[in-house]
Amino acid sequence: MPTDPAYDYALRPPRLPDPEDRSLDDAPIDQETRLALYRKLQELRQWSKRAHDLFLQNLVKGTTHLSLGMEAIATGFGMALKPGDYTFATYRGHAHSLARGMDPGKALAELLGRENGVLGGKGGSMHLTDVEKGMMGSYAIIGAHLCIANGAAWSAKMRGTDQVAVAFFGDGTTNIGAFHEALNMAVIWKLPVVFVCENNLYMEYTPIDAITAVPNPAADRAGAYGLDPIIIDGNDPDAVYLAAVDALERARRGDGPSLIEAVTYRTGGHSRADPAKYRPEAEVEAWKDRDPVPVYHQRLLRIGVPEAELGDITREVAATIDAATEFAKAGAHPGEETLMTEVWADGGSAWRN
Amino acid sequence: MPTDPAYDYALRPPRLPDPEDRSLDDAPIDQETRLALYRKLQELRQWSKRAHDLFLQNLVKGTTHLSLGMEAIATGFGMALKPGDYTFATYRGHAHSLARGMDPGKALAELLGRENGVLGGKGGSMHLTDVEKGMMGSYAIIGAHLCIANGAAWSAKMRGTDQVAVAFFGDGTTNIGAFHEALNMAVIWKLPVVFVCENNLYMEYTPIDAITAVPNPAADRAGAYGLDPIIIDGNDPDAVYLAAVDALERARRGDGPSLIEAVTYRTGGHSRADPAKYRPEAEVEAWKDRDPVPVYHQRLLRIGVPEAELGDITREVAATIDAATEFAKAGAHPGEETLMTEVWADGGSAWRN
Amino acid sequence: MAELSYRDAVAYGIAQEMRRDPALVMLGEDIAAAGGVFKTTVGLVEEFGPDRVRDTPISEQAILGAAMGAAMTGIPVIAEIMFSDFLAVCWDMIANEIAKSRYMTNGQVSFPLVIRTANGGGARFGAQHSQSVENWAMMIPGLKVVAPSTPEDVVGLMAASIRDPDPVIFFEHKSLMAGKAEVPDGEIVDELGTARVVREGSDVTIAALALMVPRALEAADRLAENGISAEVIDVRSLVPLDTATLLSSTAKTGRFFTVEENPRLCGWGAELVSIISEEAFWNLDGPCVRITTPHIPLPSAASLEDLALPSVDRIVETVTRSVDGGGSA
Amino acid sequence: MAELSYRDAVAYGIAQEMRRDPALVMLGEDIAAAGGVFKTTVGLVEEFGPDRVRDTPISEQAILGAAMGAAMTGIPVIAEIMFSDFLAVCWDMIANEIAKSRYMTNGQVSFPLVIRTANGGGARFGAQHSQSVENWAMMIPGLKVVAPSTPEDVVGLMAASIRDPDPVIFFEHKSLMAGKAEVPDGEIVDELGTARVVREGSDVTIAALALMVPRALEAADRLAENGISAEVIDVRSLVPLDTATLLSSTAKTGRFFTVEENPRLCGWGAELVSIISEEAFWNLDGPCVRITTPHIPLPSAASLEDLALPSVDRIVETVTRSVDGGGSA
Ligand SMILES: Cc1ncc(C[n+]2csc(CCOP(=O)(O)OP(=O)(O)O)c2C)c(N)n1
Ligand SMILES: Cc1ncc(C[n+]2csc(CCOP(=O)(O)OP(=O)(O)O)c2C)c(N)n1
Ligand SMILES: [Mg+2]
Ligand SMILES: [Mg+2]
């Protein structure tokens, strides 16, 4: 897993990743790891598409925020994280949950509001959590979880473990106050935490440049906390993996936090309600060429992986997702007996005698 | 009032202002303005000392936060601001209020909780406000007023006036989320607002370096908003005045906000309750030499102002402060008839029929 | 007379006021070109331009700070906080700054300011996007609090809130958005602090708000079948509160119920019950009973959320049981 | 048996628990070397070191985020928010994150977490540093809420709060800090959710909290002189709430009063009155009456603040008038 620290995975200007760029083909990542990355990428992609299908069948009742197009970030980090590490995600947290090993069936069941969902139907799409897997929660109000990730990192430090906490968040999140408070505290306490900004160029429906004082919403703020600016191609699982390994190592060494801006793009709308019409067609087209799945597929072919092997992986994942779908659909709708449970640690919700 | 834009008033490292530095003696500020600065400085100093005396006499009941040692900042800005401009201050807002022309008697009366106080006793020491004078309030919860100053600046812009809003705040305030939100919005909306960080090296009782990720809490964050870092000697009324004139001009020209870090020191404790024992004695001693009143006094002598003239000013101010004290002490304690007024714009407080 | 959805009534009401007062401005996240995430501001930027209908970053403190600073310097403002749950990230601006500054300055400043926000459950959005927080606002002195239940009330109370010189928190209910109703032509301006008797009755008084109003009305129909005549009051405005209407109805019926979506403890119903049970004590023929969401965070699954929010069934059962037996909820 | 001030009892109670549980940590602004702005944490950094008693920047969201993240990963935490008014700047962390996350995750995480904060008026600090906001906390499902009135209760309820696996908001009253009382030797551990009858009586029940408890007791003395026998209950814990004690006292006296420092609307008293007037309705001999701070921001001047907060005189007058005439507050 250790990579060549001198290897340069940083995104060079212009900010738009170049699909023709071959420079990471010879990155110091072994083939086994790359195949695992590909499998994970497929899993996140196929799961997200399935979730989308289930909306269209009107089986998902609330809102949902997919990571279609952005899966390389969760993939690269998921591969680099160790079992004890902590992940903190946003409402757009499905990919990050699956990347930590959350059961895809239980995740889908949660979207469907079923008893066999990972949260028994209490949390829903925006709050996927699986503490056993280190997935410490998906948080639906912008900003807070960066501060909470600090707490988990602080706890690891106090307990003397080498765990690292990673918080994923969007470009739009860099403009809320909690971002600033979290970064400052992480640095002064030298916490083992990695802040990963998934810059998909939009805060909901508004282009990030229109509402941000600097062009790179995260990287251009790094200096305000004495951190290095790091910008990577968020659509390249290898670039993400290398950056993740470095930042996690740094944290484990006791050298404190990192702030990584991973540039990416979402293929679909912000949430299920959004047809994403506000984006220039040329921009959408340009990013289609950078879709991480075909781009990574091409890289694997270039470095000599047989097409058939990739096809097998794709089909194996498809079978998993089908099984997960069946599992989810078979779940019962939770009832009265769970409504009032788990407000308190005693399992109940009594506020009076 | 326009100054030589090329004139360099920025504080050079080391950060501690040098009392032996003569470089601002020949700053492009006419003598009349300087005498006015001296008078204002005396007024703020003598008023603050009087407020302190009134505590000791147990006439001030709540808490109070004085600017003793820090008055040059309010002085310099007070001189540079135009009548329509807006000042937003913190709980440590006495000097800023007086610098905008608040009646010193009404200000003292407010500290004494009297009916003739500038807020009728409703607000108290931490909330001095005089809208007619452009003193838009003193805010006692850290951070909010930077955002509110933006609003006043936005309003000026919408109304097409050339008013500027200035927000004063401490070094400790740079670590709260609202600071970040305010700076970003001011820049993207190009608001006519000036953010002035009074860096007195302490957040209450904790040294600012111990809890801040960068050495200059404001200036080192300027880049996060595409702003220039500006650090000035906050104990030098001339340096402050020059920086203020520049920043106000920039704002009036439509070139947007500035962030100024004025390095200073408070002579006394954080609030009346604080003996300020947590500061190294050598540090306190070093800053005594930089007290703005004697330092500025010396400059005026050096540039040829007769000592007697300065003595006259000092005595005139003393007489004003004495009169203000009498006015304040003579005020009645507010009673039942004002308790329930002015919650609503109709003057009352009815929440039901 | 035109049919308007509750959703469209929001932009309709705002447009009426923006046409009338050229100084009035609006700001919030995704409210301009996107028309708001609930599509409640569609068409406004097209008519009034991006200087008057302004998109912001995700900076709720900065949004309300800008609104407050503008209002106190003479510009009337409408600020949108997308979901009412997010009032928590700017609660200092609301509870400590906007609500208190007039009093603290002894009347030197006014805040012609409306904070609009999408409130309430039923959309299966989970605990952080479904709260009914009208009680948060009611408990802060210095805020007026409004929650309309019909398209016409959206328009009329919006106008009243905008014209009011004090800060108003205006709760738009997510689960009422799609509902349509006739709205009269011409200018509509309602009055804050006025409740409305939406159904007359003689046996019990039921006070409800927002989404709970149609449920209370439906329950009243069913109660009538059971021989219980329910008077239903749409409270509409929590501050100012129309206690006169509540008290006189209770004087007539002798029984008082609330139907509340906010969680149980310290809800607006507790305040109303306290007023009734103090001031109409001698008129009461039985206990005042609150029908509320239980004191739990809201669950996301449809089946659970439906159990949590007061339902027509629960209203009918509770009122019936209480009238029959004098018992509790 | 030692005499301890309420202020010193805070550090005393924390130290008891930090000695017992080496994992327990604390964080907040100026709590270490400075000993806290109310001097409630004096001596702790000296005994337990700066890693366990940690100064922070002015970053309340980061403070509570750190506390939450630590608690959910196995480290029990005490976080100080200097003044309870500042809960507003981190209200999202409290109301939306800490309070809801256990339920949302169906019990996957616990929050052994105490948020201590200085609450209440009487210090002439003005509207932004004097609020009683215990009702803010009470209305959020998922929070426990405690407000002791004596040094012994500070120690015992602090221990109970720290040992409780759920998040507790612990309100320390600014105007009780200087008061001293005997505190027994040895470990003191109290129980959440238990009110205390601090004076027995037969004519009226008076429920009070924190600073209002000594005032209610003094009022009871004066009422006794007027021939009214008042039972005074120190509510101590708003969540869980000891309704049994409140209901049984009211069953005995037939009259229920609250003395509340929070502003009037949706105060904790409204909740108590609603419970009593529903469940003890047939026991009541007259209306329940709340004696509260009026619904205004708190003024700073001593003369005004004294008028605003419930005084002994006001309690005596209100109870007397009500018992005599059955009238209102
Ligand atoms: C405090 C807060 N404000 C507003 C929202 C509504 N909201 C949800 S997602 C979102 C956009 C977030 O943009 P970004 O951080 O770039 O993440 P992305 O959705 O693009 O992944 C907004 C404004 C929220 N959830 N929380
Ligand atoms: C949100 C908030 N947190 C904490 C406080 C308590 N407090 C009052 S002044 C102060 C220190 C402020 O330091 P700084 O910004 O440097 O200003 P200074 O007092 O030094 O002028 C603190 C922590 C507050 N008023 N508001
Ligand atoms: Mg984004
Ligand atoms: Mg300071």
Side-chain angles (χ1 to χ4, degrees), chain C residues 61 85-97 99-100 102-104 126-128 131 133 135-136 138-142 238-239 241 262-271 273-282 284 286-290 294-300 326 328-329, chain D residues 61 85-97 99-100 102-104 126-128 131 133 135-136 138-142 238-239 241 262-282 284 286-290 294-297 299-300 326 328-329:
Chain C
Q61 295 180 83
D85 314 71
F86 311 162
L87 296 178
V89 301
C90 47
W91 193 238
D92 176 54
M93 293 299 320
I94 298 173
N96 289 332
E97 309 297 344
K100 293 180 172 42
R102 182 180 175 84
Y103 185 81
M104 289 197 298
Q128 293 188 335
Q131 290 172 86
V133 303
N135 57 334
W136 297 16
M138 189 180 192
M139 73 183 172
I140 304 295
L238 292 172
V239 180
L241 183 67
N262 52 208
R264 189 165 185 86
L265 300 190
C266 300
W268 58 261
E271 183 58 41
V273 163
S274 297
I275 293 168
I276 297 289
S277 71
E278 178 176 349
E279 300 178 31
F281 182 77
W282 304 109
L284 287 173
C288 298
V289 177
R290 295 173 295 156
H295 206 60
I296 57 170
L298 265 197
S300 161
S328 59
Chain D
Q61 294 181 83
D85 314 71
F86 312 162
L87 296 178
V89 302
C90 47
W91 194 237
D92 176 54
M93 294 298 321
I94 298 173
N96 290 332
E97 310 297 345
K100 294 180 172 44
R102 184 181 174 82
Y103 185 80
M104 288 197 299
Q128 294 187 334
Q131 290 172 85
V133 303
N135 56 334
W136 297 16
M138 189 180 192
M139 73 181 172
I140 305 294
L238 292 172
V239 181
L241 183 67
N262 52 209
R264 189 166 186 85
L265 301 191
C266 300
W268 58 261
E271 183 58 40
L272 269 60
V273 163
S274 297
I275 292 168
I276 296 288
S277 70
E278 178 176 350
E279 300 178 31
F281 182 77
W282 304 108
L284 287 174
C288 298
V289 177
R290 294 173 296 156
H295 206 59
I296 56 171
S300 161
S328 60

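Chain naming here is simple, since letters A, B, ... match the order of the sequence lines and numbering starts at 1 in each. What's counted below: heavy atoms across the whole structure, side chains too, no hydrogens, waters or symmetry copies.
- Of the atoms belonging to D:Pro294, not a single heavy atom falls under 4.5 Å from chain C.
- Most heavy-atom pairs under 4.5 Å with chain D, from the set C:Arg102, C:Met139, C:Met138, C:Met93: that is C:Met139.
- Contact of the C:Gln131 side chain with the D:Lys100 side chain is registered, since non-hydrogen atoms from C-beta on lie closer than 4.5 Å.
- Heavy atoms closer than 4.5 Å to chain D are found in both the backbone and the side chain of C:Glu97.
- Taking CD from D:Gln128 and CG from C:Asp92, the interatomic distance works out to 7.0 Å, rounded to the nearest 0.5 Å.
- Proximity to chain C (any heavy atom under 4.5 Å) is shown, for D:Ala280, by neither the backbone nor the side chain.
- To the nearest 0.5 Å, the span separating SG on D:Cys288 from CD1 on C:Ile276 amounts to 13.5 Å.
- With hydrogens and angles ignored, the 3.5 Å screen pairs a side-chain donor or acceptor of C:Asn96 with a backbone N or O of D:Asp85.
- Take D:Phe86 and apply the ring pair (Phe, Tyr, Trp, His ring centres under 6.0 Å) test, not counting sequence neighbours, and it matches D:Phe83, D:His129.
- For C:Glu278 (side chain) and D:Pro287 (main-chain N/O), no donor-acceptor pair under 3.5 Å exists by modelled atom type.
- The parts of D:Leu284 that come within reach of chain C are both its backbone and its side chain, each placing non-hydrogen atoms under 4.5 angstrom from that chain.
- Proximity to chain C (any heavy atom under 4.5 Å) is restricted, for D:Met104, to the side chain, taken from C-beta onward.
- Across all non-hydrogen atoms, the minimal contact from C:Cys266 to D:Trp268 is SG-CA, 4.0 Å.
- Using a cutoff of 4.0 Å between basic side-chain nitrogens and carboxylate oxygens, D:Glu279 and C:Arg290 are not scored as salt-bridged.
- The shortest heavy-atom contact between C:Pro141 and D:Pro297 is CB-N, 3.8 Å.
- For C:Ala95, the side-chain contact (heavy atoms from CB on, under 4.5 Å) test picks out C:Trp91, C:Ile140, D:Trp136, with sequence neighbours left out.
- Chain C forms the most heavy-atom pairs under 4.5 Å with one residue out of D:Gly267, D:Ser300, D:Ala127, D:Ala88, and that residue is D:Ala88.
- Separating the OG atom in C:Ser274 from the CG atom in D:Leu265 is a distance of 10.0 Å, to the nearest 0.5 Å.
- With a 4.5 Å cut-off on non-hydrogen atoms, D:Val239 touches chain C through its side chain but not through its backbone.
- The greatest number of non-hydrogen atom pairs below 4.5 Å with chain D, out of C:Leu87, C:Leu298, C:Val89, C:Ile275, is found for C:Val89.
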